Structures are given as C-alpha cells and as structure tokens.
Amino acid sequence: MVTIKDVAKQAGVSTSTVSYALSGKRPISAAVKKRVERAVLKLGYVRNLQAHNLRKGISHTIGMVHPLNYILSDGMGVYFIGSAAEALEIHVLENRYTLSLFTQPQEPDDLVAAFRQRRIDGLILMHITRYDSRVEALRKTDFPFALIGRPENMDGLSLVDFDAEQAAYLGIKHLAELGHRSIAYLDLPVHEHDQDLSYAYYLQRGLELARREFGVSLLQQESGRRNRDAYEATRALLASTPDLTALVVFAGTTQLGVLRALQDAGKTVPHD
C-alpha cells in the first residue's frame, strides 16, 4: 500500500510538505504542489480519511436512531421512518458526510459512547417518549443532536414534530361543526399508550380538549394499524353504538378497513 512517505520520496520533499500540499493547511509553492500532485497520481496514493478524521477528532458521520423493530411490528411506520432516513441520507451526502443507522433500541450510554468514541459527529433521534432517558442523557453533554418528535420538556432542544394535538382537535371540530354529536375515535394500540410515546399523549390531549369544547359524545375504540384491525374495530363500534354518525381515524392506512366495515354494515359515506 502506498504511504505518504512514498509520495514524499517520489516528490523529493518531506512528509509534512506532502501533508500541507494535500490539506491546504499551509501555503506551498505552486511548483512544489505540482510535484506532489504528480507523485500522488503516479503512485496512486489515496489518503486514509478515517485516520485523518480521527486525528482531527471528527468522523464526518451523522447517526440516526432508526427504530427498525417498530417498522417490523407496524407496517405504517415503513413510509414515515423510511422517508425520513432517505431525506437525511440525501442531505448528508450533499454535505460530504456519511449516514450511520442505529437499527436497534439504543440505551442512553450507548449513544453517548458513540460520540465519545468519535463514531458520529451528530445524532438524530426518532420515536420520542414524553420523558425520554436518551434525551436527558444527551442534554448533559455538549454533543449535537436533534429530534423527530418532542418530549415533555423541550427547553433548548432542536426538533421537528407533527402537531398531533392540533390534528385530533381539528378532526373533532370539523365533525362537530357538521352537526355530529356521537363520534367515535379509532384509538392507537394500547401498547403505544403504555410506552408513553409523545404523539400518543398529544393525540389524547387534543381529543379531550375538543370533546369538552364542542360537547360531543366521544367513544374511543382501540384498533391496530392494519386494515383488518380497523375493520374489526369499526364493526364492534357499530354493534355497540347504534346512533354513531361519525368516525375519526388516526392512520390513513386503516381507512380501507373502516370503509369496508361500513359497507358491509349497509352504510354509505358520507350519506350515513
């Protein structure tokens, strides 16, 4: 393997001169720089960027905690999480960085260690809980990180999130203003409430705010994220609540199951 010493010998200069010529850290005469460049081309020398970055204390790598286990158990997550990773990868490549995906649940100490071992320069976290131990651990460091999602305490954080509270509120508001008073909500799977995921909490808060403000009867029915789950949940709702006139569905991917259940029950949308 060709080393920087080989290039220096070929160009008739010191190794430090080769280093300065390649990095541009110090001014080198045009003639010397040209000799170094010719030596590099002739010998086929390639800089060891990993070693170079290690010396500088950087990795040129952005980490993303990509909850693959969540995708495998929940088909709806594929599009959202996959799109986020794709967009991030395009952006880091444009800026000459590399994207490193963490596809298993990461403990707080593991994430801090990734920074300290210089494996990553920055981190993006997804699937945020209200009181996320990973966020609290990273708060105590000076390592750069950002969130897709929001914990209860957002002070000093960089994040982007879908406003689940406002979405739930607007859904009920729209139906209430159309005159509906008996409304059902196909709820998230119970384990997502148990995990204290932030979006599950804010969905509930928006529903309760709208229920109180518009004086509607709001029945919540647990449903999974598959069309079959939504079908069965809707059939159960129709059987238990004959005066039901409106439904709020949390995931667009389940709408087909809802519509099929209504059709099988002899109801049409929007007429019924």
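Residues: numbered from 1 along the sequence shown. Quick caveat, the model's predicted, so the values are computed rather than measured.
Side-chain atoms of Thr61 and Tyr97, non-hydrogen and from C-beta on, never get closer than 4.5 Å to each other. The shortest side-chain heavy-atom distance between Leu218 and Leu207 falls under the 4.5 Å cut-off. You'll find the side chain of Val92 reaches within 4.5 Å of the side chain of Leu88, heavy atoms only. Within the 4.5 Å cutoff, the side chain of Ile172 has no heavy atoms near those of the Tyr185 side chain. Side-chain contact between His60 and Arg96 is absent, with no heavy atoms from C-beta onward closer than 4.5 Å.
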CA sep, side-chain torsions, deciding dist, call: Asn227, Gln255, side-chain hydrogen bond (donor to acceptor under 3.5 Å, both in side chains): CA-CA 7 Å; Asn227 275 312; Gln255 287 180 359; over 6 Å; no
- prompt: Do Tyr202 and Arg150 pass the side-chain contact (heavy atoms from CB on, under 4.5 Å) test, and can you show the C-alpha distance, the side-chain angles, and the key distance before you say yes or no?
  reply: CA-CA 10 Å; Tyr202 287 111; Arg150 53 176 164 158; 3.6 Å; yes
query: Can Asp229 and Arg226 be said to form a salt bridge (charged side-chain N to carboxylate O under 4.0 Å, His left out), step by step?
result: CA-CA 5 Å; Asp229 299 328; Arg226 298 173 304 175; 3.0 Å; yes
Verdict with supporting geometry, Tyr231 and Asp264, side-chain hydrogen bond (donor to acceptor under 3.5 Å, both in side chains): CA-CA 10 Å; Tyr231 176 89; Asp264 288 354; 2.7 Å; yes
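If you run side chain to side chain contact (heavy atoms under 4.5 Å, CB included) between Val135 and each of Leu125, Asn153, Leu159, only Leu125 comes through.
Between the NE2 atom of His180 and the OG atom of Ser217 there is a distance of 13.5 Å, given to the nearest 0.5 Å. Summarising the geometry, atom OG1 belonging to Thr17 is positioned 9.0 Å from atom CZ belonging to Arg35; distances are rounded to the nearest 0.5 Å.
By the neighbour-count criterion of 12 heavy atoms within 6.0 Å, atom CZ of Arg260 is sparsely surrounded, having that number or fewer from other residues, nucleotides or ligands. The neighbour count for Glu86 CD, taken as heavy atoms of other residues, nucleotides or ligands under 6.0 Å away, does not exceed 12.
Under the 3.5 Å distance criterion, the side-chain polar atoms of Arg181 are matched with a main-chain donor or acceptor of Ala176. Panel note: side chain Ser240, backbone Leu237; a donor-acceptor pair is recorded below 3.5 Å.
Side chains of Gln204 and Gln220: a donor on one and an acceptor on the other come within 3.5 Å. For Tyr169 and Glu213, the side-chain atoms include at least one donor-acceptor pair closer than 3.5 Å.
A salt bridge does not link Glu232 with Arg235: none of the charged nitrogens is closer than 4.0 Å to a carboxylate oxygen.
Linking Ile, Leu, Val, Met, Phe, Trp and Tyr residues whenever their side-chain heavy atoms come within less than 4.5 Å places Leu170 and Ile183 in a single cluster.
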